Amino acid sequence: MSKFLQGTIVLIVAGLITRVLGFINRVVLARVVGEEGVGLYMMVMPTLFLVMTLTQLGLPVAISKLVAEAEAVGDRSKIKKIIVVSLSITSILSGIFTVALLMSASFISHNLFTDERTYYPLLAITPVIPIIAISSVIRGYFQGLQQMKPAAYSQVIEQVIRITLIAVCTKAFLPYGVEYAAAGAMISAVIGELASLIYMLSMFKLKKKIRIRRQFLSSVKAGKSTFQDLMRIALPTTGSRAIGSVAWFLEPIVVAQSLAIAGVTASIATKQYGELTGLALPLLMLPSFVTVSLSTSLVPAISEALAQNKQKQIEYQLHQALRLSFVTGGLSVVVLYVFAEPLMTLMYGNANAAVFVKVMAPFFIFYYFQGPLQAVLQALDLARAAMINSFIGAFIKTGLIFLLATRPSFGIMGAALAIVVGILLVTLLHLATVVKRISYTFHVRDYVKSFLVMFASGYAGHFSYMHFFHTQPLSVRTLASIVFTSLLYLLLLVCLKLVTKEELKRFNVFRRFIKR
């Protein structure tokens with residue numbers, strides 16, 4: 001089994017576990033603090049991600065790519081310089097931005113957000129910045145070597161610690177107010193990330209092929225060319241991610257201000273934003289653990305193939321990634337669209353956010369393609385093009401949020417529609433850019449058959465929910481209908497030869513790998 005496929009499988013399994021645990025976290029949070037508490041939580045997260053993007057400076061992708069290239073030619077001294085220089089950069093930046101966020105938290109919560117209760121969650125999450133900054137460097141090193149297990153296990157550890165603490169922390173602070181409960185959720189996240197970092201450092205110490213502490217300062221001083229190599233990849237990557245992070249940072253601000261113009265109170269706006277971004281979007285993004293795993297594995301795999309001038313291998317790996325993204329994403333779209341209301345009711349106790357899921361789900365098939373396409377662009381040294389594409393999508397999305405959400409007839413639904421438009425635009429721009437760089441054959445007939453499979457299994461799933469299992473309790477009725485829909489979907493894929501015998505053999509390899 002190739003390093004690419006093996007690494008992808010490890011990340012997919014860990015991603016599935018992590019997403020399931022993360023969903024349990026979100027369900028516990030929603031049931032303890034309600035939509036308002038989730039809204040406060042989600043308003044703060046974009047600020048954290050913006051600061052983290054600026055702190056990491058795109059280094060994880062750059063480290064992964066450069067370590068893969070250095071490992072391909074056996075240059076361990078260069079790998080050491082990459083790690084040393086990266087740790088120096090992230091340590092300095094994390095210190096600066098941690099202090100800056102602590103000092104500006106009051107201004108952000110009182111002036112940018114319409115709900116000043118975001119102040120305490122902002123303070124609570126700030127200590128996580130240096131923790132994530134250091135762990136991202138170690139994770140990039142392992143990914144560059146295509147050793148995905150340490151990164152995968154660290155994600156599981158982080159979620160296990162967080163889920164262990166989130167109920168305790170939120171309930172302990174809830175009597176003081178919903179804002180303190182949201183801060184408690186942030187504290188559980190900080191402790192989870194710290195546990196993850198401790199594990200990553202222990203694995204790095206055990207498995208490293210280089211000595212970091214020996215001649216650390218001399219490696220920093222001699223790392224000018226390494227710094228330039230890192231920045232050549234990192235800055236365009238940072239630009240792309242920073243655009244997305246800035247757009248996400250502006251999103252709750254623009255939504256809150258737009259809803260205020262439309263006559264919605266701050267409390268209701270926070271609740272509606274929580275329903276959209278804290279309840280609906282996480283459910284829609286749940287299947288992306290597959291595409292995130294593919295994206296993570298694609299960067300070093302394609303970088304190595306590019307360094308060895310293996311063009312056919314690049315095309316094959318891209319085709320492999322897009323096929324898996326479509327198969328998994330298609331099933332997710334069907335299940336989420338058909339069973340939006342019962343799923344939301346079972347998880348959160350109400351179906352208020354189901355309308356967002358039904359409207360957005362059909363378009364999220366494009367979201368599942370976006371990650372692998374961006375990873376390919378980064379590996380092909382087209383990070384600048386990815387940055388421009390992201391900027392266009394973010395600009396259009398932010399403008400549409402303001403244009404639609406200010407109208408009472410749209411309200412928060414206007415924000416949902418704007419997010420969908422942004423996803424569609426960026427994905428199509430990424431695809432166009434990739435096709436310009438490498439030759440890629442589109443199998444139109446396969447895509448048409450795939451859409452027919454989605455329609456047929458979705459219709460059958462809805463019919464089974466309404467007629468076959470209608471006498472059962474909601475939980476049994478929903479689970480049985482989803483299982484029926486999924487089995488029919490997979491059966492149709494095989495019957496229409498959308499899943500080949502070769503891929504089924506790989507599934508057997510996958511099963512043997514899991515048993516190890």
Side-chain angles (χ1 to χ4, degrees), residues 15-43 45 155-156 158-160 162-171 174 178 181-182 184-185 188-189 192 270-290 292 328-329 331-362 364 367-368 412-413 416 419 458 461-462 464-466 469-470 472-486:
L16 174 60
I17 297 171
T18 302
R19 288 301 175 97
V20 170
L21 293 175
F23 236 95
I24 296 173
N25 277 324
R26 194 60 56 86
V27 170
V28 171
L29 181 64
R31 288 185 175 272
V32 174
V33 302
E35 288 92 342
E36 236 181 312
V38 174
L40 293 173
Y41 182 92
M42 293 307 300
M43 280 186 168
M45 292 308 293
Q155 293 172 10
V156 176
E158 185 270 327
Q159 287 293 340
V160 169
R162 183 188 292 193
I163 199 173
T164 303
L165 295 176
I166 191 167
V168 176
C169 293
T170 51
K171 288 183 178 179
L174 187 59
V178 69
S188 68
T270 301
K271 181 179 179 180
Q272 290 180 344
Y273 188 74
E275 290 174 347
L276 172 60
T277 62
L279 305 185
L281 281 180
L283 187 61
L284 290 164
M285 292 179 176
L286 178 63
S288 65
F289 72 87
V290 175
V292 169
T328 56
L331 177 58
S332 303
V333 167
V334 170
V335 170
L336 293 177
Y337 181 82
V338 175
F339 305 105
E341 292 186 7
L343 282 173
M344 299 302 284
T345 301
L346 290 170
M347 288 189 297
Y348 303 117
N350 64 72
N352 295 339
V355 62
F356 300 121
V357 176
K358 291 186 74 70
V359 169
M360 301 174 76
F364 254 70
Y367 176 79
Y368 307 134
I412 192 67
M413 183 57 73
I419 291 172
H462 176 72
S464 68
Y465 180 80
M466 298 300 296
F469 309 109
H470 65 281
Q472 301 298 321
L474 182 62
S475 58
V476 176
R477 180 183 181 186
T478 304
L479 179 60
S481 299
I482 290 175
V483 170
F484 173 77
T485 304
S486 302

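Remember, predicted model here, so these are calculated numbers, not experimental data. Values below: every heavy atom of this structure, side chains too, minus hydrogens, waters and symmetry copies.
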Are [X] and [Y] close enough that some pair of their side-chain heavy atoms sits under 4.5 Å apart?
X	Y	value
Leu336	Phe364	no
Leu343	Val357	no
Phe356	Ile412	yes
Met360	Met413	no
Leu40	Val178	yes
Leu284	Leu281	yes
Leu479	Val483	yes
Thr277	Tyr41	no

Go through the steps to decide whether Met344 and Leu283 satisfy the test side chain to side chain contact (heavy atoms under 4.5 Å, CB included), and finish with yes or no. CA-CA 9 Å; Met344 299 302 284; Leu283 187 61; 3.6 Å; yes
Minimal non-hydrogen separation, [X] against [Y], with atom names:
X	Y	result
Ala181	Thr170	O-CG2, 3.4 Å
Gly184	Cys169	O-CB, 3.2 Å
Ser481	Phe339	CB-CE2, 3.5 Å
Lys358	Ala340	CG-CB, 3.6 Å
Ala185	Ser188	O-OG, 2.6 Å

Residues which pass side chain to side chain donor-acceptor pair (under 3.5 Å) with Tyr273, listed by chain and number, not counting sequence neighbours: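 Once residues adjacent in sequence are excluded, the partners of Tyr273 under the side chain to side chain donor-acceptor pair (under 3.5 Å) criterion are Glu251.
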Flag if over 12 foreign heavy atoms under 6.0 Å of OH, Tyr465: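 More than 12 heavy atoms, drawn from other residues, nucleotides or ligands, come within 6.0 Å of this atom.
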Are the side chain of Thr478 and the backbone N or O of Ser475 linked by a donor-acceptor pair below 3.5 Å?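 Between the backbone of Ser475 and the side chain of Thr478 there is no qualifying donor-acceptor contact (under 3.5 Å).
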Output, in order, the C-alpha distance, side-chain angles, deciding distance and verdict of side chain to side chain contact (heavy atoms under 4.5 Å, CB included) for Val32 and Leu174. CA-CA 8 Å; Val32 174; Leu174 187 59; 4.1 Å; yes
